[in-house]
Amino acid sequence: MDLVKFVQDEFVTRNELPEFSAGDTITVYYEIREGEKVRTQFFRGVVIQRRGSGSSETFTIRKMSGTIGVERIFPINLPSIQKIEVNKRGTVRRARIYYFRGLTGKKARIKEKRN
């Protein structure tokens with residue numbers, strides 16, 4: 001198991017990403033290939049969780065598309081991620097905010113972190 005972790009840490013290229021955590025609102029810009037065309041698409045939403053460590057770390061983002069909640073899981077080292085922008089820093093008490101899925105309306109707001 002140590003050999004697998006060593007190879008992942010040494011040979012997998014790491015993306016330079018800003019610091020973010022659960023409760024933050026971020027925008028992820030990533031490439032989409034459709035045949036021979038390549039275009040950039042973005043996904044903006046609230047970070048529900050960060051899971052794992054090292055090169056196998058992932059994060060989950062949730063956004064509302066109309067009245068339907070859409071969640072997407074991104075690996076940290078996904079080569080198609082171009083950049084990540086942190087739009088708002090949120091204050092939450094937990095590292096994984098699954099309770100956010102059941103909230104609607106004004107209850108679904110997250111307080112913004114003050115500097």
Side-chain angles (χ1 to χ4, degrees):
M1 201 60 176
D2 291 332
L3 184 61
V4 172
K5 188 171 182 171
F6 173 76
V7 170
Q8 284 180 345
D9 291 341
E10 291 295 320
F11 297 110
V12 175
T13 58
R14 292 184 172 265
N15 292 340
E16 293 298 321
L17 303 175
E19 290 294 319
F20 62 91
S21 61
D24 294 350
T25 302
I26 65 172
T27 306
V28 179
Y29 294 88
Y30 58 98
E31 285 182 357
I32 290 187
R33 289 188 172 82
E34 296 170 336
E36 295 184 11
K37 293 181 187 175
V38 178
R39 66 182 174 88
T40 301
Q41 185 170 327
F42 68 91
F43 194 90
R44 181 178 184 185
V46 177
V47 178
I48 293 218
Q49 71 171 348
R50 286 184 75 156
R51 169 176 280 173
S53 63
S55 62
S56 63
E57 185 177 357
T58 61
F59 59 97
T60 305
I61 301 178
R62 179 180 176 86
K63 76 171 183 178
M64 292 302 291
S65 179
T67 57
I68 298 171
V70 179
E71 291 186 11
R72 177 121 193 219
I73 300 171
F74 290 99
I76 285 282
N77 288 321
L78 188 68
S80 63
I81 291 180
Q82 292 178 342
K83 68 178 179 175
I84 294 179
E85 290 179 352
V86 179
N87 303 105
K88 279 197 287 188
R89 300 233 179 240
T91 303
V92 291
R93 294 183 178 186
R94 301 182 180 277
R96 298 188 175 162
I97 53 174
Y98 297 133
Y99 66 88
F100 193 66
R101 293 172 176 156
L103 303 180
T104 57
K106 287 187 176 181
K107 289 185 177 184
R109 289 186 294 189
I110 295 177
K111 282 189 178 176
E112 195 166 354
K113 201 180 279 187
R114 291 196 164 176
N115 292 336

Y29: which of I81, T40, I84 passes side-chain contact (heavy atoms from CB on, under 4.5 Å):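 So, applying the side-chain contact (heavy atoms from CB on, under 4.5 Å) to Y29 and each of I81, T40, I84, only T40 qualifies.
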Check: F42 ring centroid to Y30 ring centroid under 6.0 Å: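 Between Y30 and F42, which both carry aromatic rings, the centre distance is not below 6.0 Å.
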Under a 4.0 Å threshold between the charged nitrogen and the carboxylate oxygen, would [Y] count as salt-bridged to [X]?
{"X": "R114", "Y": "E112", "value": "no"}
{"X": "R101", "Y": "E71", "value": "yes"}
{"X": "R50", "Y": "E57", "value": "yes"}
{"X": "E31", "Y": "R39", "value": "no"}

Go through the steps to decide whether F100 and V47 satisfy the test side-chain contact (heavy atoms from CB on, under 4.5 Å), and finish with yes or no. CA-CA 10 Å; F100 193 66; V47 178; over 6 Å; no
When you measure from the side chain of N87 to the backbone N and O of T27, does any donor-acceptor pair fall under 3.5 Å?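 Flag set: sc N87 to bb T27 pair under 3.5 Å.
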Take atom [atom1] in [X]; do more than 12 heavy atoms of anything else shown fall under 6.0 Å from it?
{"X": "R96", "atom1": "CZ", "result": "yes"}
{"X": "I68", "atom1": "CD1", "result": "no"}
{"X": "K111", "atom1": "NZ", "result": "no"}

In one Ile/Leu/Val/Met/Phe/Trp/Tyr side-chain cluster, 4.5 Å: [X], [Y]:
{"X": "L78", "Y": "F20", "answer": "yes"}
{"X": "L103", "Y": "M64", "answer": "no"}
{"X": "I32", "Y": "V70", "answer": "yes"}
{"X": "I61", "Y": "I97", "answer": "no"}
{"X": "F59", "Y": "V86", "answer": "yes"}

Looking only at heavy atoms, what is the nearest atom pair of A95 and A22, with distance?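 Taking A95 first and A22 second, the nearest heavy atoms are O-CB, 3.2 Å.
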Nearest non-hydrogen partners of R44 and T25, listed with the distance: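 Looking at all heavy atoms of both residues, the shortest contact is NE-CG2, 4.0 Å.
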Under a 4.5 Å cut-off applied to non-hydrogen side-chain atoms, are I48 and Y99 in contact?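 No - every pair of side-chain heavy atoms lies 4.5 Å or more apart.
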For the residue pair L17 and I76, establish whether any side-chain heavy-atom pair is separated by less than 4.5 Å.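 Yes, their side chains come closer than 4.5 Å.
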So, taking the atom named [atom1] in [X] and the one named [atom2] in [Y], what distance separates them when rounded to the nearest 0.5 Å?
{"X": "R89", "Y": "E19", "atom1": "CZ", "atom2": "CD", "answer": "8.0 Å"}
{"X": "S80", "Y": "Q41", "atom1": "OG", "atom2": "CD", "answer": "10.5 Å"}
{"X": "Q49", "Y": "S21", "atom1": "CD", "atom2": "OG", "answer": "12.5 Å"}

Should the pair F74 and F43 be assigned to parallel (<30°), tilted (30 to 60°) or perpendicular (>60°) ring geometry?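 The arrangement is perpendicular - the two ring planes meet at more than 60°.
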